[in-house]
Amino acid sequence: MILTVVALALIVVMAMAIARAFLGPTIYDRILAVNLFGTKTVLLIAVVSYIAGRPDFLDVALIYALINFISVIAVLRFFEYGSSKVNDKVGKDA
Amino acid sequence: MKHTVSVFLLLASFWLINSGYYKPLLLSFGLVSAIFVVYLTHRMDVVDHESHPLHLFNLKLPSYYLWLVGQLIVSNIDVVKRVWSGKGSISPCTAWLPLSQTSDIGRVIYANSITLTPGTVAMDLEDDRVYVHALSREGLDDLRAGEMDRRVSNLER
Amino acid sequence: MPELITLLSSLCLLLGAFLIFSGGLGVLRFPDFFTRMHAAGVTETMAVTLIVLGLMLHSGWGLPLFKLLLILLFVMITGPTASHALAKSALHGGLRPLGDDSNNERH
Amino acid sequence: MVRARDLFATVMLSGIYGLLSASFFILMDAADVAFTEAAVGAGIFPLLMLTVLTSVGRYEAERRRVRYLPLFVMVVLAGALFAAVLQMPPFGAVDAPSHGHVAQRYIQDSPAEIGIPNMVTSVLASYRGFDTLGEVVVIFTAAVGVVVILLGGRPKTPQQSTQALMAEHKVLRVVGKMLIPLILLFGLYVQFHGEYGPGGGFQAGVIFAVGIILYAMLFGLSNAQRVVPLGVLRWLVALGVLIYGSVGLANLVVGGEYLNYSMLASDPVTGQHIGIILIELGVGITVASAMVLIFFAFTRATRSRDELEE
């Protein structure tokens, strides 16, 4: 019961993160939103694994935590590689 | 050498915690995997005093983390209050703050502690200073008082 | 004793859910990227700790307990690192925070 | 949508889509699929797409007129797919075709025939081992294609700029050093526990590759290539397929059928066990080295293009 409430709260926050990803306005807001979405997915999977009574799902949650971190780093590296050609609109909007 | 041992022990316990199957076959796979990873990370040159700061493991560390948890609770409540009371309650500001750590690992612990406590984020880190963004002037002033900086530096000694 | 643990677990979970929601709200409400980052920070520290703690109390002694602990540790290490990297990148990308009063001594 | 011209936003949205669909799979109790989606859909796919974007640029070329034919095809296709969805039996229906065919037999007999707890692995690695061999060959072919197109010509001298960049980034450097060993070991853990929990060679390969890619992103391509040289990677891509194929041949030699591992040991269940471990290892090696190879190839291609323009 309580777990369901937590899962619902997580889903609501994930929706908020998607809203922020669409609203922007800067590319960094979007990255922040994706990162937020990712960490909430980790928690959601952990909570769902207890709702469903399948603790082996926790491995999936661990993978997500990992992937989420690496995606953020990759996105940031993308900007550093991309020098002026790619970076032109950063700060104003994307 | 001691860092190699520590990374091996870390990997071994990571395997044992995750696995849950303590059969000879899987345990030997675990051993082979851990040795292989130790070999690979040595080739990568990532096993050293920075990734395994054994010299920081002393009695001060738990007390520091306990203190940090206290800070976390206080700052979380503060930020949540500001979220609910709206835009008027925040006064974002930035500043370069001096830091007194002597090693990179100490600086990283300090910077991550700043970021970990909501309300303050370390935006840039140099050898003798850190650029901080704070949600409110009070948050920045608290940090400027330097207690966290002192405590982290204390870990290094 | 089991009742106490259930109570504690529920308390942690509910508080965590509330914090998560507050953080999400902050990410929507706050005026610029850097302030939003603080709100996101709320969901990544205390809220994660509380929810994982609640799950740990719920799960009882066993292997999943340690896996939850691993997840918690992992999030606590990577969360601030990602935030810091993002902030640094935004700063170097030319995004100026609101109330930037450091006289732009940056090069 | 207007924003879709920003390819970068598209990639990030596809990352969210990966996360979302994995959550669905979790809700449907399909841990293995969720695992794959987590590692591939949310992990390596956006990562490789980003490296591609660095070489093709971030914005789609401006196009004035709307193309009606592709639009028409898309609408018809989407309509057909929706119609097909409506025709599908309700979720969990007992008489659904997917439950009446061979699934019954797998569920009833696999504990006795294969004897491993994770039935998904039994199906993928043993009953349908031939399909999985095909998938591995596809990945192998993709890696070969990328190598031929992007790594042709003589090797260029590696640049030092990224290293300097990361040396400044103290936090990422220290945390990265702490995490990389754990990520690599976690990959191997998933590799060897495919028979017990969600996971297996594909996911393990991707996770292991992600660990090395993280190293390459933090410490520079030249350092990463020193740790895992391209020549070694090329061999490993082929070695994985070779292991898989030769397990099949070994079965023929001992008098069984291709990729039926029962004859590998005196006891059929042990034979299946050995076979599955070996072919999963082959899958893992090929997937990991192919992913790393593709990442290196794209990153190098970007670099040399930048050098040309400078």
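Basis for what follows: all heavy atoms, side chains included, without hydrogens, waters or symmetry-related copies. Note that the coordinates shown come from a computational prediction; the quantities given were computed from them, not determined experimentally. Proteins come first, then strands; the chains are lettered A, B, ... in the order of their sequence lines, and each starts at number 1.
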Can you say whether A:A17 sits under 4.5 Å from chain C via the side chain, the backbone, both, or neither, judging by heavy atoms? neither
For A:Y28 and C:F33, take the angle between the two ring planes, folded into 0 to 90°, and tell me which bin it lands in: parallel under 30, tilted 30 to 60, perpendicular over 60. tilted
Between chain A and each of C:L55, C:L13, C:I51, count heavy-atom pairs under 4.5 Å; write down the option with the most. C:L55
Looking only at side chains, do C:D32 and C:T35 share a donor and an acceptor under 3.5 Å apart? yes
Portion of A:L43 that has a non-hydrogen atom of chain C nearer than 4.5 angstrom: side chain
Using non-hydrogen atoms only, which part of A:V42 is less than 4.5 Å away from chain C: side chain, backbone, both, or neither? side chain
Hey, which of A:L32, A:V5, A:T39, A:V47 has the most heavy atom pairs under 4.5 Å with chain C? A:L32
Tell me which pairs pass salt bridge (charged side-chain N to carboxylate O under 4.0 Å, His left out) where either residue lies in residues 68-77 of chain C, with sequence neighbours left out. none
Within the structure provided, determine whether C:L19 and C:T45 are in side-chain contact (heavy-atom separation under 4.5 Å). no
Find the one option among A:V72, A:L36, A:L8, A:L10 whose heavy-atom pairs under 4.5 Å with chain C are most numerous. A:L36
Please tell me if the side chains of A:Y50 and C:L68 come closer than 4.5 Å, counting only heavy atoms from C-beta onward. yes
Are any of the side-chain heavy atoms of C:V27 and A:M16 separated by less than 4.5 Å? no
Engaged part of C:S59 at the chain A interface, taking heavy atoms whose separation is under 4.5 Å: both
If I measure from the heavy atoms of chain A, does C:L25 come under 4.5 Å with its side chain, its backbone, both, or neither? both
